[in-house]
2 protein chains.
Amino acid sequence: MATLRLQINEKLFLRDPQETVLGRKIIQSSIKMIDELGLEGFTFKKLSAEIQSTEASIYRYFESKHKLLIYLMAWYWNWLEYQIDFATNNIKDPQERLAIAMKMITEVNVNDDYFPDIDETALQRIVIYESDKAYLTKHVDDDNKDGSFLGYKSLCEKVASFIKEINPNYDYAHALTSTCLEASHQQIFFSRHLPRLTEHQYKEGKVHEDNYNFLMDMILKTIDA
Amino acid sequence: MATLRLQINEKLFLRDPQETVLGRKIIQSSIKMIDELGLEGFTFKKLSAEIQSTEASIYRYFESKHKLLIYLMAWYWNWLEYQIDFATNNIKDPQERLAIAMKMITEVNVNDDYFPDIDETALQRIVIYESDKAYLTKHVDDDNKDGSFLGYKSLCEKVASFIKEINPNYDYAHALTSTCLEASHQQIFFSRHLPRLTEHQYKEGKVHEDNYNFLMDMILKTIDA
DNA sequence: CGAATTTAATAGTATTACTATCAATAATGC
DNA sequence: GCATTATTGATAGTAATACTATTAAATTCG
(Lines give C-alpha, C1' and ligand atoms only; values in the text may rest on other atoms or scores of the structure.)
Protein backbone atom coordinates (compact mmCIF):
# COMPACT_ATOMS: atom_id res chain seq x y z
CA MET A 1 0.00 0.00 0.00
CA ALA A 2 1.02 3.56 -0.67
CA THR A 3 2.12 5.79 2.15
CA LEU A 4 1.39 9.49 1.96
CA ARG A 5 2.98 12.61 3.24
CA LEU A 6 1.27 15.85 4.10
CA GLN A 7 3.03 18.95 2.87
CA ILE A 8 3.41 21.18 5.91
CA ASN A 9 4.17 24.89 5.67
CA GLU A 10 7.94 25.35 5.80
CA LYS A 11 7.79 28.19 8.27
CA LEU A 12 6.62 25.82 11.00
CA PHE A 13 9.97 24.05 11.34
CA LEU A 14 13.69 24.67 10.94
CA ARG A 15 14.41 21.29 9.32
CA ASP A 16 11.67 19.13 7.85
CA PRO A 17 11.11 16.36 10.40
CA GLN A 18 9.52 14.13 7.77
CA GLU A 19 12.81 13.90 5.87
CA THR A 20 15.09 12.18 8.37
CA VAL A 21 15.03 9.27 10.77
CA LEU A 22 15.69 11.58 13.70
CA GLY A 23 12.96 13.96 12.56
CA ARG A 24 10.41 11.17 12.36
CA LYS A 25 11.44 9.94 15.80
CA ILE A 26 10.90 13.45 17.16
CA ILE A 27 7.36 13.54 15.78
CA GLN A 28 6.51 10.01 16.83
CA SER A 29 7.81 10.32 20.38
CA SER A 30 6.57 13.85 20.95
CA ILE A 31 3.03 12.73 20.15
CA LYS A 32 3.36 9.84 22.57
CA MET A 33 4.91 11.97 25.30
CA ILE A 34 2.63 15.04 25.04
CA ASP A 35 -0.30 12.65 25.17
CA GLU A 36 1.05 11.08 28.34
CA LEU A 37 2.61 14.04 30.15
CA GLY A 38 0.59 16.95 28.82
CA LEU A 39 2.20 19.91 27.12
CA GLU A 40 3.36 21.41 30.42
CA GLY A 41 5.03 18.20 31.59
CA PHE A 42 6.66 17.58 28.25
CA THR A 43 10.18 18.96 27.67
CA PHE A 44 12.76 18.65 24.92
CA LYS A 45 15.12 17.24 27.53
CA LYS A 46 12.78 14.35 28.31
CA LEU A 47 12.16 13.84 24.60
CA SER A 48 15.88 13.73 23.86
CA ALA A 49 16.38 11.08 26.54
CA GLU A 50 13.51 9.01 25.12
CA ILE A 51 14.87 9.03 21.58
CA GLN A 52 18.49 8.78 22.71
CA SER A 53 19.50 12.07 21.21
CA THR A 54 20.19 15.53 22.61
CA GLU A 55 18.25 18.71 23.20
CA ALA A 56 20.48 20.54 20.75
CA SER A 57 19.59 18.09 18.00
CA ILE A 58 15.87 18.58 18.54
CA TYR A 59 16.30 22.33 18.48
CA ARG A 60 17.70 21.94 14.99
CA TYR A 61 14.23 20.80 13.89
CA PHE A 62 11.98 23.01 15.98
CA GLU A 63 12.62 26.48 17.29
CA SER A 64 10.65 25.78 20.46
CA LYS A 65 8.18 23.48 22.13
CA HIS A 66 5.45 25.86 21.08
CA LYS A 67 6.42 25.61 17.41
CA LEU A 68 6.38 21.83 17.70
CA LEU A 69 2.84 22.02 19.07
CA ILE A 70 1.84 24.28 16.19
CA TYR A 71 3.36 21.80 13.77
CA LEU A 72 1.45 18.87 15.25
CA MET A 73 -1.82 20.79 15.24
CA ALA A 74 -1.24 21.93 11.65
CA TRP A 75 -0.57 18.33 10.68
CA TYR A 76 -3.79 17.23 12.35
CA TRP A 77 -6.02 19.84 10.68
CA ASN A 78 -4.46 19.14 7.32
CA TRP A 79 -4.98 15.42 7.81
CA LEU A 80 -8.59 15.89 8.90
CA GLU A 81 -9.38 18.09 5.92
CA TYR A 82 -7.83 15.52 3.64
CA GLN A 83 -9.96 12.79 5.27
CA ILE A 84 -13.07 14.89 4.67
CA ASP A 85 -12.10 15.56 1.05
CA PHE A 86 -11.62 11.87 0.53
CA ALA A 87 -14.88 10.89 2.18
CA THR A 88 -17.04 13.54 0.51
CA ASN A 89 -15.61 12.99 -2.96
CA ASN A 90 -18.37 12.36 -5.52
CA ILE A 91 -21.11 13.18 -3.04
CA LYS A 92 -23.41 15.72 -4.62
CA ASP A 93 -25.82 16.63 -1.85
CA PRO A 94 -24.30 19.37 0.37
CA GLN A 95 -26.30 18.24 3.38
CA GLU A 96 -24.84 14.78 3.04
CA ARG A 97 -21.36 16.27 2.65
CA LEU A 98 -21.91 18.28 5.83
CA ALA A 99 -23.05 15.17 7.68
CA ILE A 100 -19.94 13.26 6.57
CA ALA A 101 -17.67 16.13 7.56
CA MET A 102 -19.24 16.44 11.01
CA LYS A 103 -19.01 12.68 11.43
CA MET A 104 -15.27 12.79 10.76
CA ILE A 105 -14.79 15.82 12.98
CA THR A 106 -16.59 14.25 15.92
CA GLU A 107 -15.70 10.59 15.68
CA VAL A 108 -12.75 9.03 17.42
CA ASN A 109 -9.85 8.66 15.00
CA VAL A 110 -8.57 5.28 14.02
CA ASN A 111 -4.97 5.06 13.04
CA ASP A 112 -4.50 5.76 9.38
CA ASP A 113 -2.17 3.29 7.66
CA TYR A 114 -1.27 5.84 5.05
CA PHE A 115 0.76 7.70 7.69
CA PRO A 116 2.63 5.04 9.63
CA ASP A 117 4.68 7.51 11.71
CA ILE A 118 1.67 9.21 13.24
CA ASP A 119 -0.58 7.87 15.98
CA GLU A 120 -3.75 9.72 15.00
CA THR A 121 -5.66 8.51 18.03
CA ALA A 122 -3.08 9.99 20.41
CA LEU A 123 -2.85 13.11 18.28
CA GLN A 124 -6.60 13.61 18.58
CA ARG A 125 -6.30 13.48 22.36
CA ILE A 126 -3.61 16.15 22.12
CA VAL A 127 -5.97 18.25 20.03
CA ILE A 128 -8.59 17.96 22.79
CA TYR A 129 -6.23 18.98 25.58
CA GLU A 130 -3.73 21.29 23.92
CA SER A 131 -4.89 22.71 20.61
CA ASP A 132 -6.30 25.94 22.03
CA LYS A 133 -2.93 26.71 23.59
CA ALA A 134 -1.45 26.93 20.10
CA TYR A 135 -3.24 30.23 19.49
CA LEU A 136 -4.12 31.59 22.94
CA THR A 137 -0.88 33.52 23.27
CA LYS A 138 0.33 37.09 23.08
CA HIS A 139 2.30 36.26 19.92
CA VAL A 140 -0.63 34.76 18.01
CA ASP A 141 -0.41 37.47 15.35
CA ASP A 142 3.22 36.63 14.59
CA ASP A 143 2.46 32.92 14.43
CA ASN A 144 -0.51 33.68 12.23
CA LYS A 145 1.70 35.63 9.81
CA ASP A 146 3.85 32.52 9.49
CA GLY A 147 0.79 30.58 8.40
CA SER A 148 0.57 28.54 11.58
CA PHE A 149 -3.20 28.28 11.45
CA LEU A 150 -3.82 27.87 7.73
CA GLY A 151 -4.96 24.28 8.14
CA TYR A 152 -7.56 25.20 10.73
CA LYS A 153 -8.84 28.11 8.67
CA SER A 154 -8.99 25.98 5.56
CA LEU A 155 -10.98 23.28 7.32
CA CYS A 156 -13.33 25.91 8.71
CA GLU A 157 -13.73 27.39 5.23
CA LYS A 158 -14.59 23.97 3.81
CA VAL A 159 -17.32 23.16 6.33
CA ALA A 160 -18.66 26.71 6.10
CA SER A 161 -18.92 26.31 2.33
CA PHE A 162 -21.14 23.24 2.79
CA ILE A 163 -23.37 25.30 5.07
CA LYS A 164 -23.48 28.14 2.56
CA GLU A 165 -24.51 25.69 -0.15
CA ILE A 166 -27.38 24.42 1.97
CA ASN A 167 -28.52 27.87 2.94
CA PRO A 168 -26.80 30.81 1.19
CA ASN A 169 -28.76 33.24 3.35
CA TYR A 170 -27.35 32.12 6.68
CA ASP A 171 -25.05 34.92 7.82
CA TYR A 172 -22.77 33.20 10.33
CA ALA A 173 -21.47 30.12 8.52
CA HIS A 174 -17.87 30.60 9.69
CA ALA A 175 -18.76 31.52 13.25
CA LEU A 176 -21.04 28.50 13.46
CA THR A 177 -18.37 26.22 12.04
CA SER A 178 -15.58 27.42 14.33
CA THR A 179 -17.96 27.16 17.27
CA CYS A 180 -18.69 23.54 16.34
CA LEU A 181 -15.05 22.68 15.72
CA GLU A 182 -14.14 23.98 19.16
CA ALA A 183 -17.14 22.29 20.74
CA SER A 184 -16.18 19.02 19.08
CA HIS A 185 -13.20 18.73 21.41
CA GLN A 186 -14.40 20.80 24.36
CA GLN A 187 -17.45 18.61 24.90
CA ILE A 188 -15.27 15.50 25.00
CA PHE A 189 -13.10 17.12 27.63
CA PHE A 190 -16.10 18.27 29.66
CA SER A 191 -17.78 14.88 29.58
CA ARG A 192 -14.66 13.35 31.00
CA HIS A 193 -13.52 15.94 33.52
CA LEU A 194 -16.32 18.44 34.13
CA PRO A 195 -19.45 16.39 33.48
CA ARG A 196 -21.82 18.97 34.91
CA LEU A 197 -21.12 21.09 31.83
CA THR A 198 -22.60 18.61 29.37
CA GLU A 199 -25.12 15.81 28.96
CA HIS A 200 -22.69 13.69 26.96
CA GLN A 201 -21.71 10.43 28.59
CA TYR A 202 -18.03 9.67 28.61
CA LYS A 203 -17.73 6.03 27.68
CA GLU A 204 -16.82 3.79 24.77
CA GLY A 205 -17.58 5.97 21.78
CA LYS A 206 -20.78 7.24 23.41
CA VAL A 207 -19.48 10.82 23.82
CA HIS A 208 -18.56 10.99 20.18
CA GLU A 209 -21.97 9.78 19.10
CA ASP A 210 -23.72 12.18 21.49
CA ASN A 211 -21.56 14.98 20.23
CA TYR A 212 -22.34 14.24 16.59
CA ASN A 213 -26.06 14.21 17.32
CA PHE A 214 -25.87 17.38 19.40
CA LEU A 215 -23.84 19.34 16.85
CA MET A 216 -25.61 18.17 13.71
CA ASP A 217 -28.99 18.94 15.23
CA MET A 218 -27.76 22.37 16.26
CA ILE A 219 -26.31 23.19 12.85
CA LEU A 220 -29.29 22.02 10.83
CA LYS A 221 -31.82 23.84 12.98
CA THR A 222 -29.71 26.97 13.15
CA ILE A 223 -29.32 27.25 9.38
CA ASP A 224 -32.94 26.26 8.73
CA ALA A 225 -31.93 23.33 6.58
CA MET B 1 -22.80 53.37 48.13
CA ALA B 2 -22.35 49.84 49.39
CA THR B 3 -19.39 47.79 48.33
CA LEU B 4 -19.75 44.06 48.04
CA ARG B 5 -17.53 41.09 48.41
CA LEU B 6 -17.85 37.77 46.65
CA GLN B 7 -17.34 34.78 48.87
CA ILE B 8 -14.73 32.66 47.10
CA ASN B 9 -14.14 29.00 47.91
CA GLU B 10 -11.42 28.78 50.57
CA LYS B 11 -9.55 26.02 48.82
CA LEU B 12 -8.54 28.39 46.04
CA PHE B 13 -6.10 30.38 48.17
CA LEU B 14 -3.82 29.97 51.15
CA ARG B 15 -4.77 33.31 52.69
CA ASP B 16 -7.82 35.27 51.67
CA PRO B 17 -6.51 38.09 49.45
CA GLN B 18 -9.64 40.14 50.09
CA GLU B 19 -8.76 40.49 53.75
CA THR B 20 -5.49 42.40 53.64
CA VAL B 21 -4.02 45.39 51.86
CA LEU B 22 -1.30 43.20 50.34
CA GLY B 23 -3.85 40.65 49.20
CA ARG B 24 -5.95 43.27 47.44
CA LYS B 25 -2.84 44.67 45.78
CA ILE B 26 -2.00 41.17 44.52
CA ILE B 27 -5.43 40.83 42.94
CA GLN B 28 -5.48 44.32 41.51
CA SER B 29 -2.01 44.21 40.00
CA SER B 30 -2.20 40.63 38.79
CA ILE B 31 -5.29 41.49 36.74
CA LYS B 32 -3.50 44.46 35.24
CA MET B 33 -0.33 42.51 34.52
CA ILE B 34 -1.86 39.30 33.16
CA ASP B 35 -3.96 41.47 30.86
CA GLU B 36 -0.84 43.26 29.61
CA LEU B 37 1.73 40.47 29.57
CA GLY B 38 -0.39 37.38 29.08
CA LEU B 39 -0.31 34.48 31.53
CA GLU B 40 2.98 33.18 30.14
CA GLY B 41 4.74 36.54 30.43
CA PHE B 42 3.40 37.16 33.91
CA THR B 43 5.46 35.98 36.90
CA PHE B 44 5.24 36.38 40.65
CA LYS B 45 8.64 38.01 40.51
CA LYS B 46 7.40 40.78 38.21
CA LEU B 47 4.26 41.12 40.30
CA SER B 48 6.26 41.43 43.49
CA ALA B 49 8.37 44.19 41.95
CA GLU B 50 5.23 46.04 40.81
CA ILE B 51 3.63 45.99 44.24
CA GLN B 52 6.92 46.47 46.07
CA SER B 53 6.72 43.20 47.90
CA THR B 54 8.43 39.83 47.48
CA GLU B 55 7.76 36.56 45.75
CA ALA B 56 7.62 34.72 49.07
CA SER B 57 4.90 37.06 50.32
CA ILE B 58 2.76 36.38 47.27
CA TYR B 59 3.25 32.65 47.71
CA ARG B 60 1.68 32.97 51.10
CA TYR B 61 -1.56 33.94 49.42
CA PHE B 62 -1.48 31.67 46.38
CA GLU B 63 0.16 28.29 46.06
CA SER B 64 1.07 28.94 42.42
CA LYS B 65 0.44 31.14 39.42
CA HIS B 66 -2.03 28.57 38.23
CA LYS B 67 -4.05 28.77 41.45
CA LEU B 68 -4.12 32.54 41.12
CA LEU B 69 -5.55 32.17 37.62
CA ILE B 70 -8.17 29.77 38.93
CA TYR B 71 -9.05 32.26 41.66
CA LEU B 72 -9.48 35.10 39.17
CA MET B 73 -11.61 32.98 36.86
CA ALA B 74 -13.72 31.76 39.78
CA TRP B 75 -14.21 35.36 40.84
CA TYR B 76 -15.30 36.30 37.33
CA TRP B 77 -17.83 33.50 36.93
CA ASN B 78 -19.26 34.23 40.38
CA TRP B 79 -19.54 37.89 39.56
CA LEU B 80 -21.16 37.21 36.20
CA GLU B 81 -23.73 34.89 37.75
CA TYR B 82 -24.48 37.49 40.37
CA GLN B 83 -24.94 40.11 37.63
CA ILE B 84 -27.37 37.79 35.86
CA ASP B 85 -29.28 37.08 39.06
CA PHE B 86 -29.59 40.78 39.67
CA ALA B 87 -30.70 41.57 36.15
CA THR B 88 -33.20 38.74 35.81
CA ASN B 89 -34.76 39.29 39.22
CA ASN B 90 -38.53 39.65 38.99
CA ILE B 91 -38.58 38.72 35.30
CA LYS B 92 -41.14 36.00 34.80
CA ASP B 93 -40.73 35.00 31.17
CA PRO B 94 -37.89 32.44 30.84
CA GLN B 95 -37.17 33.50 27.27
CA GLU B 96 -36.63 37.05 28.48
CA ARG B 97 -34.41 35.79 31.30
CA LEU B 98 -32.37 33.85 28.77
CA ALA B 99 -32.02 36.92 26.58
CA ILE B 100 -30.83 38.99 29.51
CA ALA B 101 -28.33 36.33 30.56
CA MET B 102 -26.92 36.01 27.06
CA LYS B 103 -26.70 39.79 26.82
CA MET B 104 -24.61 39.92 30.00
CA ILE B 105 -22.47 37.00 28.89
CA THR B 106 -21.68 38.52 25.51
CA GLU B 107 -21.51 42.23 26.21
CA VAL B 108 -18.32 44.04 27.11
CA ASN B 109 -18.13 44.54 30.85
CA VAL B 110 -18.17 47.97 32.36
CA ASN B 111 -16.44 48.39 35.66
CA ASP B 112 -18.72 47.61 38.54
CA ASP B 113 -18.53 50.19 41.34
CA TYR B 114 -19.61 47.61 43.88
CA PHE B 115 -16.17 45.98 43.56
CA PRO B 116 -13.66 48.82 43.52
CA ASP B 117 -10.59 46.55 43.63
CA ILE B 118 -11.42 44.69 40.44
CA ASP B 119 -11.10 45.96 36.90
CA GLU B 120 -13.86 43.87 35.34
CA THR B 121 -13.07 45.05 31.81
CA ALA B 122 -9.47 43.82 32.07
CA LEU B 123 -10.63 40.65 33.79
CA GLN B 124 -12.97 39.92 30.90
CA ARG B 125 -10.03 40.18 28.48
CA ILE B 126 -8.17 37.69 30.69
CA VAL B 127 -11.17 35.37 30.47
CA ILE B 128 -10.97 35.56 26.68
CA TYR B 129 -7.26 34.78 26.48
CA GLU B 130 -6.59 32.61 29.49
CA SER B 131 -9.69 31.00 30.98
CA ASP B 132 -9.40 27.74 29.06
CA LYS B 133 -5.91 27.25 30.46
CA ALA B 134 -7.41 27.03 33.94
CA TYR B 135 -8.84 23.59 33.17
CA LEU B 136 -6.85 22.29 30.19
CA THR B 137 -4.25 20.58 32.36
CA LYS B 138 -3.32 17.10 33.48
CA HIS B 139 -4.31 17.97 37.06
CA VAL B 140 -7.80 19.21 36.21
CA ASP B 141 -9.39 16.43 38.28
CA ASP B 142 -7.50 17.50 41.41
CA ASP B 143 -8.40 21.14 40.85
CA ASN B 144 -11.98 20.11 40.26
CA LYS B 145 -12.08 18.24 43.56
CA ASP B 146 -11.04 21.49 45.26
CA GLY B 147 -14.07 23.18 43.74
CA SER B 148 -12.08 25.31 41.32
CA PHE B 149 -14.78 25.30 38.68
CA LEU B 150 -17.92 25.55 40.80
CA GLY B 151 -18.64 29.06 39.58
CA TYR B 152 -18.50 28.05 35.95
CA LYS B 153 -20.68 25.01 36.54
CA SER B 154 -23.17 27.03 38.50
CA LEU B 155 -23.44 29.64 35.77
CA CYS B 156 -23.88 26.90 33.20
CA GLU B 157 -26.57 25.31 35.34
CA LYS B 158 -28.41 28.61 35.61
CA VAL B 159 -28.51 29.31 31.87
CA ALA B 160 -29.35 25.66 31.15
CA SER B 161 -32.29 25.93 33.56
CA PHE B 162 -33.69 28.86 31.56
CA ILE B 163 -33.44 26.73 28.44
CA LYS B 164 -35.13 23.82 30.16
CA GLU B 165 -37.94 26.10 31.23
CA ILE B 166 -38.48 27.24 27.65
CA ASN B 167 -38.35 23.73 26.25
CA PRO B 168 -38.22 20.89 28.78
CA ASN B 169 -37.84 18.40 25.95
CA TYR B 170 -34.54 19.70 24.64
CA ASP B 171 -31.94 17.10 25.60
CA TYR B 172 -28.68 19.04 25.48
CA ALA B 173 -29.30 22.15 27.57
CA HIS B 174 -25.97 21.96 29.38
CA ALA B 175 -23.94 21.08 26.30
CA LEU B 176 -25.55 23.94 24.41
CA THR B 177 -24.90 26.34 27.26
CA SER B 178 -21.26 25.41 27.74
CA THR B 179 -20.77 25.59 23.97
CA CYS B 180 -22.18 29.13 23.99
CA LEU B 181 -20.20 30.22 27.02
CA GLU B 182 -17.01 29.07 25.35
CA ALA B 183 -18.04 30.61 22.03
CA SER B 184 -18.79 33.88 23.78
CA HIS B 185 -15.09 34.44 24.33
CA GLN B 186 -13.63 32.39 21.48
CA GLN B 187 -15.47 34.37 18.83
CA ILE B 188 -14.13 37.64 20.25
CA PHE B 189 -10.62 36.23 20.05
CA PHE B 190 -11.12 34.94 16.52
CA SER B 191 -12.58 38.19 15.24
CA ARG B 192 -9.50 40.00 16.47
CA HIS B 193 -6.72 37.55 15.65
CA LEU B 194 -8.03 34.88 13.26
CA PRO B 195 -10.79 36.70 11.40
CA ARG B 196 -11.21 34.01 8.77
CA LEU B 197 -12.83 31.85 11.47
CA THR B 198 -15.79 34.16 12.01
CA GLU B 199 -18.02 36.76 10.39
CA HIS B 200 -17.93 38.99 13.47
CA GLN B 201 -16.29 42.34 12.94
CA TYR B 202 -13.79 43.36 15.59
CA LYS B 203 -14.55 46.99 16.32
CA GLU B 204 -16.17 49.18 18.96
CA GLY B 205 -18.71 46.89 20.50
CA LYS B 206 -19.64 45.45 17.09
CA VAL B 207 -18.20 41.97 17.88
CA HIS B 208 -20.20 41.75 21.05
CA GLU B 209 -23.39 42.72 19.29
CA ASP B 210 -22.70 40.25 16.45
CA ASN B 211 -21.96 37.58 18.97
CA TYR B 212 -25.16 38.16 20.90
CA ASN B 213 -27.19 37.94 17.70
CA PHE B 214 -25.35 34.87 16.50
CA LEU B 215 -25.66 32.97 19.78
CA MET B 216 -29.23 33.93 20.64
CA ASP B 217 -30.38 32.98 17.17
CA MET B 218 -28.55 29.67 17.46
CA ILE B 219 -29.97 28.84 20.88
CA LEU B 220 -33.57 29.76 20.09
CA LYS B 221 -33.62 27.83 16.83
CA THR B 222 -31.84 24.85 18.33
CA ILE B 223 -34.28 24.48 21.22
CA ASP B 224 -37.31 25.21 19.02
CA ALA B 225 -38.36 28.15 21.13
C1' DC C 1 4.98 43.83 78.92
C1' DG C 2 6.65 39.75 76.96
C1' DA C 3 5.65 35.39 74.57
C1' DA C 4 3.65 33.62 70.68
C1' DT C 5 2.42 34.04 66.26
C1' DT C 6 2.20 36.10 61.90
C1' DT C 7 4.36 38.38 58.10
C1' DA C 8 8.23 40.00 55.37
C1' DA C 9 12.86 39.84 53.36
C1' DT C 10 16.91 37.33 51.84
C1' DA C 11 18.88 33.82 49.78
C1' DG C 12 18.93 29.57 47.66
C1' DT C 13 17.55 25.26 44.57
C1' DA C 14 15.99 22.51 40.83
C1' DT C 15 14.27 22.85 36.43
C1' DT C 16 13.25 24.93 32.04
C1' DA C 17 14.11 26.73 27.66
C1' DC C 18 17.29 27.72 25.20
C1' DT C 19 22.40 28.78 22.90
C1' DA C 20 27.22 28.02 21.79
C1' DT C 21 31.07 25.32 20.64
C1' DC C 22 33.45 21.71 18.71
C1' DA C 23 34.30 16.95 17.52
C1' DA C 24 32.54 12.79 15.18
C1' DT C 25 30.09 10.80 11.60
C1' DA C 26 27.53 10.34 7.38
C1' DA C 27 26.22 11.77 2.85
C1' DT C 28 27.45 13.96 -1.61
C1' DG C 29 30.14 15.65 -5.45
C1' DC C 30 33.93 15.46 -8.51
C1' DG D 1 38.70 7.64 -3.40
C1' DC D 2 38.96 11.71 -1.24
C1' DA D 3 37.63 16.26 -0.16
C1' DT D 4 33.70 19.02 0.93
C1' DT D 5 29.69 19.74 3.25
C1' DA D 6 25.94 18.72 6.03
C1' DT D 7 24.22 16.50 10.09
C1' DT D 8 24.40 14.83 14.60
C1' DG D 9 26.32 14.23 19.19
C1' DA D 10 28.53 15.60 23.41
C1' DT D 11 29.37 18.99 26.64
C1' DA D 12 28.81 23.07 28.75
C1' DG D 13 26.71 27.21 29.85
C1' DT D 14 23.04 31.07 30.65
C1' DA D 15 19.07 33.59 32.04
C1' DA D 16 14.79 33.00 33.81
C1' DT D 17 11.12 30.48 36.23
C1' DA D 18 8.72 28.46 39.95
C1' DC D 19 9.21 27.56 44.23
C1' DT D 20 11.31 26.68 49.29
C1' DA D 21 13.90 27.30 53.46
C1' DT D 22 15.72 30.28 56.78
C1' DT D 23 16.01 34.13 59.32
C1' DA D 24 14.49 38.86 60.74
C1' DA D 25 10.93 42.10 61.88
C1' DA D 26 6.45 43.33 63.17
C1' DT D 27 2.09 42.44 65.27
C1' DT D 28 -1.16 40.33 68.33
C1' DC D 29 -2.77 38.67 72.49
C1' DG D 30 -3.03 37.15 77.30
Side-chain angles (χ1 to χ4, degrees), chain A residues 10 12-30 33-34 36-72 130 133-134 136-139 142-143 146 148, chain B residues 10 12-30 33-34 36-72 130 133-134 136-139 142-143 146 148:
Chain A
E10 296 204 347
L12 305 191
F13 49 75
L14 298 171
R15 276 187 67 70
D16 189 342
Q18 299 190 106
E19 282 201 331
T20 66
V21 176
L22 181 61
R24 285 186 291 269
K25 275 209 251 176
I26 289 171
I27 298 304
Q28 231 176 347
S29 295
S30 65
M33 295 179 81
I34 295 173
E36 281 166 9
L37 307 172
L39 187 66
E40 283 72 36
F42 168 79
T43 68
F44 278 5
K45 186 155 212 159
K46 289 177 190 168
L47 174 60
S48 68
E50 171 92 9
I51 63 178
Q52 271 127 281
S53 180
T54 61
E55 272 185 280
S57 298
I58 295 164
Y59 276 105
R60 284 188 199 103
Y61 286 81
F62 293 101
E63 219 173 294
S64 65
K65 183 165 95 168
H66 188 251
K67 288 273 182 181
L68 171 57
L69 175 68
I70 285 177
Y71 178 92
L72 294 176
E130 320 293 353
K133 297 171 193 167
L136 289 175
T137 66
K138 281 281 164 184
H139 48 87
D142 294 329
D143 289 337
D146 290 340
S148 299
Chain B
E10 296 204 347
L12 305 191
F13 50 74
L14 299 172
R15 275 187 68 70
D16 189 343
Q18 298 189 105
E19 281 203 329
T20 66
V21 176
L22 181 61
R24 286 187 291 270
K25 274 208 252 176
I26 290 172
I27 298 305
Q28 229 177 347
S29 294
S30 66
M33 294 180 81
I34 295 174
E36 280 166 9
L37 306 171
L39 186 67
E40 284 72 35
F42 167 80
T43 68
F44 279 4
K45 186 154 211 159
K46 289 177 191 168
L47 174 60
S48 68
E50 172 92 8
I51 63 177
Q52 271 128 284
S53 180
T54 62
E55 271 185 280
S57 299
I58 296 164
Y59 275 104
R60 248 177 269 106
Y61 286 82
F62 292 102
E63 216 175 295
S64 66
K65 182 165 96 170
H66 188 251
K67 289 273 182 180
L68 171 58
L69 175 69
I70 285 176
Y71 178 92
L72 294 177
E130 320 293 352
K133 298 172 193 167
L136 288 174
T137 66
K138 282 281 164 185
H139 48 87
D142 294 328
D143 289 337
D146 290 339
S148 299

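It should be emphasised that the depicted structure is a prediction, and the values quoted were computed from it without experimental measurement. Every chain is numbered from 1, with letters handed out A, B, ... down the list of sequences.
Among the atoms of the strands shown, only primed sugar atoms or phosphate atoms (P, OP1, OP2) are found under 4.0 Å from some heavy atom of A:Tyr61. Among the atoms of the strands shown, none is found under 4.0 Å from any heavy atom of B:Glu40.
Nucleotide D:dA18 holds its P atom 13 Å from the NE2 atom of B:His139, rounded to whole Å. Across the protein-nucleic acid pair, B:Glu19 atom CD and D:dT27 atom P stand 18 Å apart, rounded to whole Å. Atoms CG (B:Asp16) and P (C:dT7) sit 12 Å apart, rounded to a whole Å. Atom CD1 of B:Ile26 and atom P of C:dT7 are 12 Å apart (whole Å). Atom CZ in A:Phe42 sits about 12 Å away from atom C1' in C:dA17, given to the nearest Å. Rounded to whole Å, atom P of D:dC19 lies 12 Å from atom CG of B:Leu68. Between the CZ atom of A:Phe44 and the C1' atom of C:dT15 there is a distance of 16 Å, rounded to whole Å. If you measure from atom CG of A:Leu39 to atom C1' of C:dA17, you get 13 Å, rounded to the nearest angstrom.
The side chain of A:Thr43 lies closest to C:dT16, out of C:dA9, C:dT16, D:dG9. Nearest to the side-chain atoms of B:Leu22 among the listed nucleotides C:dA17, D:dA18, C:dA8 stands C:dA8.
Judged by distance alone, the side chains of B:Ser64 and B:Tyr59 never bring a donor and an acceptor atom under 3.5 Å apart.
Not one side-chain nitrogen or oxygen of B:Arg60 sits closer than 4.0 Å to the OP1 or OP2 atom of C:dT6. Between B:Lys65 and the phosphate of D:dA18, there is a side-chain N or O to OP1/OP2 separation shorter than 4.0 Å. Listed pair A:Arg15 / D:dT7 meets the phosphate criterion, a side-chain N or O lying under 4.0 Å from OP1 or OP2.
Less than 4.0 Å separates DNA chain D from at least one heavy atom of each of the following residues of residues 45-59 of chain B: B:Glu55, B:Ala56, B:Tyr59.
A salt bridge does not link B:Lys138 with B:Asp143: none of the charged nitrogens is closer than 4.0 Å to a carboxylate oxygen.
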Review point. Can you list the steps and then say if B:Arg60 with B:Glu55 is a salt bridge (Lys or Arg N to Asp or Glu O under 4.0 Å)?
Key: CA-CA 9 Å; B:Arg60 248 177 269 106; B:Glu55 271 185 280; over 6 Å; no

(message) Under the criterion side-chain hydrogen bond (donor to acceptor under 3.5 Å, both in side chains), I'd like the reasoning laid out for B:Tyr71 against B:Ser148: C-alpha separation, chi angles, the key distance, then a yes or no.
(response) CA-CA 8 Å; B:Tyr71 178 92; B:Ser148 299; over 6 Å; no

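B:Leu14 has its side chain out of reach of B:Phe62: every pair of non-hydrogen atoms, C-beta onward, lies at least 4.5 Å apart.
A distance of 15.5 Å separates CD in B:Glu50 from NZ in B:Lys45, rounded to the nearest 0.5 Å. From A:Ile58, atom CD1 reaches atom CZ of A:Arg15 across 14.0 Å, with rounding to the nearest 0.5 Å.
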